[in-house]
Every structure is written in C-alpha cells, then in structure tokens.
Amino acid sequence: MHIRQRGFTLIEIMVVVVILAVLGALVVPKILENVDKARVTRAASDIRAIQTALDLYRLDNFKYPTTEQGLQALVTQPSDPTITNYRSGGYLPSLPKDPWNNPYQYVSPGAGGRDYDIISYGRDGKPGGEGYDADISTTTLEQR
C-alpha cells in the first residue's frame, strides 16, 4: 500500500499569510492603544500616591518640600534643619518614574495658588502635547 503525501501549495500559504496580516493590522493598533491607556492610568495613580506622601510629609513637618528639595525629600531626609519630625524610612520607599521611564517633575509652590504641582510629561516626555503625549499632572487630575 502506498500512501500519497500532500503538502501545502504556495497559494494556500499565501492566503494564510494575507489573513494573518489583515488580522494583525486590525488587532495590533487596539492592543497598543490599550497599553497607552494603561500607562496614563498608572501615571495618574502614581501622582495620587505621591500626593498622599506629600500630605504626610506636610503633617509631620508643617510644610511641603521645596522645589530644590524635590520629591527626593520623600525618600531621604533633606538637610534642612527645620525638618525635625521626618519619618524613619521616609514617605516613599523609592521615587517612581513615570510609565515612560521619565522622572516626575515637582514644583512648589504650584501654579494657580496650589501648594505644589506634580507632572508627567506623557509619552513624548516634553511639556504640552495632545492625546497620549499630553501632560498628566495634579492640575489635570483635578479637572477629571
């Protein structure tokens, strides 16, 4: 008995490749958009956590860190002699970077009479921008 083996033709393989390419063209952009949405959500969550740490710092020390001391004051005690109630271990275990691996910016006092501003410059890492390149800050979180 002789069994005949049959392989795929070039046309069958081409059809499968075209189907996979079409599916990839439809699915990949949706996946990438969800990744960007998740990064924006994570940045907002990080900013809220930093705000909580800053509020605890203020409760203990009666003031927020200066712009010069920056967010590093939440991790290691500043050399300022007026900081006498600094918590052992700090207020954050380490300084988070934004989801695009850039440091969060801190300014005190903040714009518009706020005590401080915390800013992530978004996907492009530059001030301003639109969409996923837009800044995420304490100001934009208040507007949501």
Side-chain angles (χ1 to χ4, degrees), residues 5-144:
Q5 294 181 346
R6 183 172 180 261
F8 294 107
T9 66
L10 180 59
I11 292 184
E12 290 171 329
I13 292 172
M14 294 288 288
V15 167
V16 169
V17 168
V18 167
I19 290 171
L20 290 174
V22 168
L23 286 174
L26 295 173
V27 171
V28 168
K30 292 293 181 190
I31 290 172
L32 293 178
E33 184 175 325
N34 287 337
V35 168
D36 285 331
K37 283 182 185 177
R39 287 181 173 164
V40 169
T41 301
R42 187 185 131 210
S45 177
D46 284 353
I47 288 171
R48 287 186 182 105
I50 294 168
Q51 284 181 293
T52 300
L54 284 166
D55 290 342
L56 290 172
Y57 180 98
R58 182 174 181 263
L59 284 172
D60 289 346
N61 300 292
F62 309 106
K63 61 183 177 179
Y64 290 107
T66 64
T67 300
E68 293 74 30
Q69 292 168 336
L71 295 175
Q72 187 63 40
L74 300 174
V75 178
T76 56
Q77 183 171 354
S79 58
D80 182 344
T82 64
I83 305 298
T84 58
N85 293 321
Y86 195 84
R87 289 185 186 203
S88 167
Y91 298 86
L92 290 174
S94 63
L95 281 181
K97 289 198 171 195
D98 75 8
W100 300 276
N101 206 31
N102 297 311
Y104 286 99
Q105 304 300 310
Y106 172 77
V107 179
S108 178
R114 284 186 297 282
D115 292 318
Y116 58 82
D117 285 324
I118 306 165
I119 307 160
S120 165
Y121 289 133
R123 182 175 61 184
D124 65 355
K126 299 175 188 170
E130 294 181 12
Y132 297 115
D133 293 336
D135 298 349
I136 304 155
S137 68
T138 47
T139 305
T140 59
L141 294 179
E142 289 172 2
Q143 295 170 355
R144 287 185 180 182

Show every ring pair (Phe, Tyr, Trp, His ring centres under 6.0 Å) that has at least one partner inside residues 34-54, sequence neighbours left out.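 Passing the test, one end in residues 34-54: no pairs.
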Which residue pairs pass the ring pair (Phe, Tyr, Trp, His ring centres under 6.0 Å) test with at least one member in residues 96-117, sequence neighbours excluded?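 Every ring pair (Phe, Tyr, Trp, His ring centres under 6.0 Å) pair that includes a residue of residues 96-117, provided the two are not neighbours, is Tyr64-Tyr116.
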Set of side-chain contact (heavy atoms from CB on, under 4.5 Å) partners for [X], sequence neighbours left out:
{"X": "Gln69", "answer": "Tyr57, Pro65, Thr66, Ala73, Pro78, Asp80"}
{"X": "Ala49", "answer": "none"}
{"X": "Thr67", "answer": "Val107, Ser108"}
{"X": "Val15", "answer": "Ile11, Ile19"}

Out of curiosity, [X] [atom1] to [Y] [atom2], how far, rounded to the nearest 0.5 Å?
{"X": "Ile47", "Y": "Arg42", "atom1": "CD1", "atom2": "CZ", "answer": "11.0 Å"}
{"X": "Ile119", "Y": "Asn102", "atom1": "CD1", "atom2": "CG", "answer": "13.0 Å"}
{"X": "Asn61", "Y": "Asn85", "atom1": "CG", "atom2": "CG", "answer": "6.0 Å"}
{"X": "Thr41", "Y": "Asp46", "atom1": "OG1", "atom2": "CG", "answer": "11.0 Å"}

Contacts of type salt bridge (charged side-chain N to carboxylate O under 4.0 Å, His left out), residue Asp98, not counting sequence neighbours: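 With sequence neighbours excluded, Asp98 shows a salt bridge (charged side-chain N to carboxylate O under 4.0 Å, His left out) to no residue whatsoever.
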Contacts of type salt bridge (charged side-chain N to carboxylate O under 4.0 Å, His left out), residue Arg39, not counting sequence neighbours: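 Per chain and number, Arg39 pairs via salt bridge (charged side-chain N to carboxylate O under 4.0 Å, His left out) with no residue.
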Quick one: does Pro96's side chain get under 4.5 Å of Ile50's, heavy atoms only?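 A side-chain contact under 4.5 Å exists here.
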Could you please spell out the steps behind the side-chain contact (heavy atoms from CB on, under 4.5 Å) verdict for Asp135 and Thr140? CA-CA 8 Å; Asp135 298 349; Thr140 59; 5.6 Å; no
Shortest non-hydrogen contact from Ile136 to Ala43?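 Ile136 and Ala43 have their closest heavy atoms at CD1-CB, 3.8 Å.
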Listed by chain and number, what are the side chain to side chain donor-acceptor pair (under 3.5 Å) partners of [X], not counting sequence neighbours?
{"X": "Gln72", "result": "Thr76"}
{"X": "Thr52", "result": "none"}
{"X": "Arg87", "result": "Asp60"}
{"X": "Ser137", "result": "none"}

Ignoring hydrogens and angles, tell me if any N or O in the side chain of Gln77 forms a donor-acceptor pair with the backbone of Ile83 under 3.5 Å.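 Yes, because the side chain of Gln77 sits within donor-acceptor range (under 3.5 Å) of the backbone of Ile83.
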Atom NZ of Lys126 with >12 non-hydrogen neighbours under 6.0 angstrom: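 No, the 6.0 Å shell around NZ holds no more than 12 heavy atoms from other groups.
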side-chain contact (heavy atoms from CB on, under 4.5 Å) evaluation trace for Leu54 with Ile118: CA-CA 10 Å; Leu54 284 166; Ile118 306 165; 3.6 Å; yes
